[in-house]
Amino acid sequence: MKTSLLYGILKPAVKKLVKNGTHKEESYEDFVRTSYEIQAKFQFKLPHKKGYEFRDEIIDGCHCIVGHKTGSNTKRALVYLVGGGERRWQLPTCKTMVRYINETDRDLWIPLYPLYPDHDFLDEVEMICDTHERMLKDYDAKDIAWLGFSAGADLIMSAGRHIIQKGNILPMPGLMIPVSCCNLYLSEESYARMEEIEKRDIMMYARSMKTFQDFYNHENKLPHYLCGCAAEDDYTGFPKIIMYFGGDEIFAGDAPDYEKAFIRCNVKDYTIRVEPGLFHAYPMFTFIKEGKRGEDEIIQHLKQKVL
């Protein structure tokens, strides 16, 4: 795939600045310290845009931004699960929020799930499930879509598996769109593919996957299904799912394992998009042509109604 001139210019600079600084923490203690430093800089505030209304819905003691067009009654909703490595919230800009509201004809929910290191995957997943349960008072499950980037994509997959493991405690949303999801555990084949892709990845190293296991499940207490292993997990009952990876991100090494797992678990409607030449969570970066094209495509999926 031929990339844009701007991406071609930026790629080596991003690789030098970002990849060389990725997960330089040498210990779990450093991971904890830097996480607190990142979180101390965050200040919560609601967006403001004429013609749109935003409110703060408190769920499990956490903020959840809810936005919609003034006077609208769409009966459809989008849950936008932000990235940030579960250490911070990479919130979309107000412009992006408004675009999703306006062009998908959905209310927008952005849960600010609890973060590491004071919380873990289980705390995060339970907050997402409680948000979903709260939303079911106002929307039919089929009219709710989950969109997640990076850590937010991980939460989509973990929350779906959690619903299954707990005996389908809630109806699934109508649509899941995880972009650049990651598991803590991998098959040997998946890790080998990641080592090969690493040569092209401008952000991450394959060996970081082993570090993630220690940092995000430090005391080894989390249920295996929450941490994830695409080759082993149960996806029975998952709704329509459209999964995105950049072809030049190591997480794409898991794509073949997901394909086999969805077939094994009889997932009726799935798509796995691996975009050649592109990077981690690329549809977030709309200042380049490739990212804008990815966001446009996602919005087209969200416009469609689940029958």
Taking ring pair (Phe, Tyr, Trp, His ring centres under 6.0 Å) as the test, write out the residues that go with H301, two or more places apart.
none

Check: H48 and E53 side chains under 4.5 Å, non-hydrogen atoms:
no

State, without any angle test, whether R264 and T236 hold a side-chain donor-acceptor pair at a distance under 3.5 Å.
no

Taking atom types as modelled, is there a side-chain donor on S190 or D254 under 3.5 Å from an acceptor on the other?
yes

Where do R55 and E57 land on the salt bridge (charged side-chain N to carboxylate O under 4.0 Å, His left out) test, with the steps shown first?
CA-CA 6 Å; R55 72 177 190 272; E57 184 102 7; 3.0 Å; yes

Which residues satisfy the side-chain contact (heavy atoms from CB on, under 4.5 Å) test with R161, sequence neighbours excluded?
M157, S158, N183, Y225, D233, Y235, F238

Between the side chains of T211 and D214, is a donor N or O closer than 3.5 angstrom to an acceptor N or O?
no

Are any of the side-chain heavy atoms of K75 and N73 separated by less than 4.5 Å?
yes

To the nearest 0.5 Å, what is the distance between CG (D248) and CZ (R200)?
4.5 Å

Hey, does the Lys NZ or Arg CZ of K210 hover above the aromatic six-ring of Y191, less than 6.0 Å from the centre and inside 45° of the axis?
yes

Do the charged groups of R99 and D296 touch, with an N to O distance under 4.0 Å?
yes

In chain order, what residues pass the ring pair (Phe, Tyr, Trp, His ring centres under 6.0 Å) check against Y282, with sequence neighbours excluded?
none

Between Y258 and F262, what is the ring plane arrangement, given parallel below 30°, perpendicular above 60°, and tilted in between?
tilted

Report the C-alpha distance between Y270 and I272 in whole Å, list the side-chain angles of each, state the deciding distance to 0.1 Å, and finish with yes or no for side-chain contact (heavy atoms from CB on, under 4.5 Å).
CA-CA 7 Å; Y270 73 88; I272 301 174; 4.2 Å; yes

Sorted by chain and residue number, the ring pair (Phe, Tyr, Trp, His ring centres under 6.0 Å) partners of H119 (sequence neighbours excluded) come out as none

With Y139, which residues qualify under side chain to side chain donor-acceptor pair (under 3.5 Å), at least two apart?
D107, W109

Could you tell me whether K49 atom NZ has more than 12 heavy atoms of other residues or ligands within 6.0 Å of it?
no

Can R293 and E297 be counted as an ion pair, charged N to O under 4.0 angstrom?
no

With sequence neighbours excluded, residues passing ring pair (Phe, Tyr, Trp, His ring centres under 6.0 Å) with Y36:
none

Can you tell if the side chain of I110 reaches within under 4.5 Å of the side chain of V82, non-hydrogen atoms only?
yes

How many angstroms lie between atom CZ of R207 and atom CD1 of I250, to the nearest 0.5 angstrom?
10.0 Å

What are the two closest non-hydrogen atoms of A231 and S187, and how far apart are they?
CB-CB, 4.0 Å

From D130 CG over to M135 CE, what is the distance, rounded to the nearest 0.5 angstrom?
13.0 Å

When rounded to the nearest 0.5 angstrom, what distance separates CG in D138 from CG in D143?
12.0 Å

Residues, nucleotides or ligands: over 12 heavy atoms within 6.0 Å of E188 CD:
no

Passing candidate, side chain to side chain contact (heavy atoms under 4.5 Å, CB included) with Y116, options E124, R88, Q39
E124

For E103, is the CD atom crowded, meaning more than 12 foreign heavy atoms sit under 6.0 Å from it?
yes

d(T104 OG1, Q304 CD) to nearest 0.5 Å is 12.0 Å

For residues P117 and F215, determine if any side-chain heavy atom of one lies less than 4.5 Å from a side-chain heavy atom of the other.
no

Without hydrogens or angle criteria, can the side chains of S150 and H280 be said to hold a donor-acceptor pair below 3.5 Å?
yes

Would you please say whether a donor-acceptor pair under 3.5 Å links the side chains of T93 and T96?
yes

